[in-house]
Structures are given as C-alpha cells and as structure tokens.
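What follows is one structure encoded as structure tokens, with my remarks underneath.
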Amino acid sequence: MEPCSCDTFVALPPATVGNRIIFGKNSDRLCDEVQEVVYFPAAVHDNPREHLQCTYIEIDQVPETYAVVLSRPAWLWGAEMGANEHGVCIGNEAVWGREEVCDEEALLGMDLVRLGLERADTAEKALNVIVDLLEKYGQGGNCSESRMVFSYHNSFLIADRNEAWILETAGKYWAAEKVREGVRNISNQLSITIKIDREHLDMRSYAKQKGWWDGKKEFDFAATYSYLDTAKMMISPGRYCEGYKLLNKHKGNITFETMMEILRDKPSGINMEGEFLTTASMVSILPQDSSLPCIHFFTGTPDPERSIFKPFIFVPNIPPLLDTSSPTFELEDPVKKKPRFQFKPDRRHPLYQKHQQALEIIDKKEEKAKTLLDNMKKLEKELFKEMESILQNKHLDVDKVVNLFPQCAKDEIRIYKSNISP
C-alpha cells in the first residue's frame, strides 16, 4: 500500500521559532493527476432543506460555511489539504488496517477535509464535524480517477493557531490525539498508540468483539486496528519514521522554510518520485498572536523541489484563482456520469501546463535549467521576505494582498514562458 502515500506535519512551540504553529503536507498521488488550488468564499445557506453534492453522495447543507482555500485533485469535490479563514488547516492520509475498506460510494476522506474546513472555526470543532459526518454517512468510494477501484480509510492532521489534533479512522471507528506542543507527523499508517484523548464510544468494544483486543492489556489503537508492531514504529524504515526524524532534527528551530525543506527531501522518500509522486505541496504559518494573519503557501504543481511555494492570505473579495483552476466539464464530466470514469479529460490548469513544459527544459537543457531554477528560487525568496515583513511589521496592505496568490501564479508563469521560448 506504500505507493499511494502522503505525509503531513505539524510543529508547535517550543519546536518552532517566533510563537508560530507550522503545518505542512505533501500530497502524493498518481503521476498524471492534476491538482488545482481553488478558493471558495464564505456563504450563507438559507434553505433548511438544501442538499450539498459532494464527490459521490449528497448530504445535508449547514446554514453557514466559511471561506476556504483548497489544494485538490481536479476531478473531485473535496481536497487533499487546505485552510479556512479562521486559521484551521487539515491534511489527510490513506490508511489501511484490520477493518475492511468499503468500496461503496460514501464520503471520501478528501470530502471530509473540505467539510471540516467549511464548517469549523477551530481544530477540535473540525474534528467534531468529521466524526459526526463519518457516523452519519460513512467513508468509501473510489479515491482515484480510474475504472479500477482504489479505496482506503483515512487519518487527518488538523491544526489551528493554538493546537493540533491527530484523527485516525477505521471504518466508522476512530481515535484522536491532542498535540499541545512539539512535533507530530502522520503518514500512511495508524500512529495513535496509547495516548488517546477522544474516541468513538464503541471503538474498544468493537475491537474486543472482533478478537483484536482481549480487554485486559493496555489499549493501543494502532496495534489493535492494524498489523503494526508499534514498539518498532519509530525505528522501522519508512516515510513515517523518516518524517519524524527530519522534524526532530530541526526541533527548536523550525520555520516555514524548514518545513518546505522537509517536504522537498528526496532521500527520505518524503518528496516522492515515480508512478506515485508528490503532485502538490502546502505549508502554513499559524501565528499564535491572533492580530497577525495566517499565511498559506501552495505549489499547485508536482515536485516541490522544482516548484514555487506561493502565499495566500484570507482577506475580503479574493478573486477566482484562474491560473490554478482546472477546466470544468459540468454534466459531461465522467466523474458525474454513471458508469463513472469511462474516459479521462484534460484537467491541466494554465500554471500546470507551463510548469510541465518547464520541467522538460530542466530535464533536457542543463544551461537553461540553471537559469530557470535560479529565477524560480529568486521569486520564491522575494515572496518569503515579503511575507516575513508582514508578520514582523504587523502591517497588511489588503488591496495588495487580495491579488497576492493570483499575481504570484502569473509571475511564475512568466518565468516559465521566458525560458520555454527558443
């Protein structure tokens, strides 16, 4: 199951610099899958009978939804990762264990990411939203844009300005761990052991009924609901352990740039290559001082080592993010027509297209590659300096920030165009 993989990280004071919580995630998906970065404004839903169409099923809508920015596979409704206007960030991972995965269409884990962000203004409230929806609608359905069904259970890392939560699921059963300080990461395995701060009411009795737990020894969620030897979890080879080591290596000095370095790390396997690769990345700065803005960086393109982290800040009247939004196919979309996935449309957005052309140059033309990569790094460094200045000076130019992410995407495209031309 290792090929389908992601890694999500969080660092909290005192592991970080400047009283900030730093969130990061690599989304590792099939190499030809396009990930878009999209914004949805806050909304009021007056009709109490209104339903919401998620990727596969309809659910009840709520009276109010918050503004969100999402990095998502372009074919589905939910998201791999994202943030909302209240500084809540969520990333999810595929996990497997003893509980059988359901192929029947329900809510995808990625739908639950978006729903948690749209409906909650703190990390713990987002956890509540996800587990309530899990109980009511269940999780299941094809998680890839393919006729070959590929399904999994989900784990989530949820963070806000004050704390983080790890939520791990097996069918409708779940356990959650609160993270108050230090570092924590999740990968494609259950990782909550004996520190369980919240849980499904029937989680232990169900495990006992299935013969996974004798009811006497100390309850270990990961050991009970999966086949892991949790005693060896921190020393066994694999991305979970490698990610933990990278976080601990920088503990006490972690900044948003440190998190980006971790996401760009190829020797550890965190920055994945091959049939499954890192198709998009996200890093967020969540200052504990609520007078400072949260800043969310997205690539919207594969391979963070050869991509630019572009900043997004929530302010009123943000325009559509056109250069990172994929084409829409409405009712003709093969995801919406049954039988599903009979063909695969071209979902490449403008930034993705130019980035792909730029990667070809990087791979084939050494001299041009150096110029291109230097220009990319220069733009990124300027953006980092500008964002740090906003946080240090406590001054936000709203008129400028409203177009921050769209302008960054245009500047990135301009770099690619200038190097693509003969």
Side-chain angles (χ1 to χ4, degrees), residues 5-28 71 81-83 87 89-91 93 123 157-164 166 179-187 191 234 238-272 278 280-289 292-301 303-313 373 376-392 408:
S5 47
C6 296
D7 294 276
T8 309
F9 304 87
V10 70
L12 304 87
T16 59
V17 175
N19 293 317
R20 301 170 184 175
I21 290 178
I22 307 293
F23 172 95
K25 177 178 174 180
N26 271 354
S27 173
D28 303 330
S71 186
M81 51 202 173
C89 297
I90 310 180
E93 312 284 331
L157 199 161
I158 312 167
D160 62 23
R161 291 178 184 266
N162 301 303
E163 63 189 24
I166 309 298
V179 185
R180 295 174 177 85
E181 62 177 26
V183 296
R184 187 68 159 84
N185 63 304
I186 58 173
S187 196
S191 64
M234 293 315 219
R239 289 179 353 274
Y240 174 72
C241 185
E242 291 299 317
Y244 179 77
K245 285 194 283 191
L246 285 168
L247 280 174
N248 275 278
K249 177 183 171 185
H250 299 286
K251 204 170 176 179
N253 298 294
I254 296 173
T255 65
F256 69 94
E257 291 182 78
T258 314
M259 189 64 79
M260 291 170 187
E261 284 173 30
I262 290 172
L263 298 185
R264 284 170 162 155
D265 192 88
K266 287 191 173 173
S268 64
I270 301 296
N271 183 5
M272 199 169 227
T278 299
S281 304
M282 169 186 174
V283 168
S284 292
I285 308 170
L286 311 175
Q288 294 193 308
D289 179 351
L292 298 174
C294 295
I295 303 177
H296 312 283
F297 296 86
F298 296 91
T299 59
T301 52
D303 187 355
E305 192 180 31
R306 303 190 293 181
S307 292
I308 296 173
F309 279 94
K310 299 167 286 297
F312 177 99
I313 300 174
L373 289 167
M376 290 167 68
K377 285 284 170 268
K378 184 183 175 189
L379 172 59
E380 192 178 69
K381 283 291 180 192
E382 287 169 358
L383 293 170
F384 292 172
K385 191 176 175 184
E386 192 180 334
M387 294 308 103
E388 194 58 59
S389 174
I390 287 171
L391 294 172
Q392 295 296 336
C408 292

State whether the side chain of [X] and the backbone N or O of [Y] hold a donor-acceptor pair below 3.5 Å, judged by distance alone.
{"X": "Lys25", "Y": "Phe23", "value": "no"}
{"X": "Glu242", "Y": "Ile270", "value": "no"}
{"X": "Asn26", "Y": "Asp7", "value": "no"}
{"X": "Arg161", "Y": "Pro287", "value": "yes"}
{"X": "Thr299", "Y": "Pro304", "value": "no"}

Looking only at heavy atoms, what is the nearest atom pair of [X] and [Y], with distance?
{"X": "Asn253", "Y": "Thr258", "result": "O-OG1, 3.6 Å"}
{"X": "Val10", "Y": "Ile21", "result": "CG2-CG2, 3.8 Å"}
{"X": "Ser191", "Y": "Ile186", "result": "OG-CG2, 4.0 Å"}
{"X": "Ala164", "Y": "Leu12", "result": "N-CD2, 4.2 Å"}
{"X": "Pro311", "Y": "Ile295", "result": "CB-CG2, 4.0 Å"}
{"X": "Arg239", "Y": "Gly269", "result": "CD-O, 3.1 Å"}

[X] side, atom [atom1]; [Y] side, atom [atom2] - distance, nearest 0.5 Å:
{"X": "Leu373", "Y": "Arg306", "atom1": "CG", "atom2": "CZ", "value": "8.0 Å"}
{"X": "Lys381", "Y": "Ile308", "atom1": "NZ", "atom2": "CD1", "value": "12.5 Å"}
{"X": "Cys294", "Y": "Phe312", "atom1": "SG", "atom2": "CZ", "value": "11.5 Å"}
{"X": "Ser281", "Y": "Met259", "atom1": "OG", "atom2": "CE", "value": "12.0 Å"}
{"X": "Cys241", "Y": "Asn185", "atom1": "SG", "atom2": "CG", "value": "9.0 Å"}
{"X": "Gln288", "Y": "Thr16", "atom1": "CD", "atom2": "OG1", "value": "7.0 Å"}

Decide yes or no for [X] and [Y]: does some side-chain heavy atom of the first lie under 4.5 Å from some side-chain heavy atom of the second?
{"X": "Met282", "Y": "Cys89", "result": "yes"}
{"X": "Leu247", "Y": "Ile262", "result": "yes"}
{"X": "Arg20", "Y": "Leu391", "result": "yes"}
{"X": "Met260", "Y": "Phe384", "result": "yes"}
{"X": "Glu93", "Y": "Thr8", "result": "yes"}
{"X": "Leu263", "Y": "Phe9", "result": "yes"}

What orientation do Phe256 and Phe297 show, parallel under 30°, tilted 30 to 60°, or perpendicular over 60°?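 Phe256 and Phe297: parallel rings.
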
Parallel, tilted or perpendicular: rings of Tyr244 and Tyr240 (30°, 60°):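 Judged by the thresholds at 30° and 60°, the geometry between Tyr240 and Tyr244 is parallel.
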
Is the number of heavy atoms from other residues, nucleotides or ligands under 6.0 Å of Lys249 NZ greater than 12?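 Atom NZ in Lys249 is not packed in, count stays at 12 or less.
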
Quick one: do Ile285 and Ile22 satisfy side chain to side chain contact (heavy atoms under 4.5 Å, CB included)? Show the steps, please. CA-CA 5 Å; Ile285 308 170; Ile22 307 293; 4.2 Å; yes

Quick one: which residue pairs count as a salt bridge (charged side-chain N to carboxylate O under 4.0 Å, His left out) with a foot in residues 261-271, not counting sequence neighbours?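 Of all non-adjacent pairs touching residues 261-271, those that pass salt bridge (charged side-chain N to carboxylate O under 4.0 Å, His left out) are Arg264-Glu380, Lys266-Glu273, Lys266-Asp303, Lys266-Glu305.
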
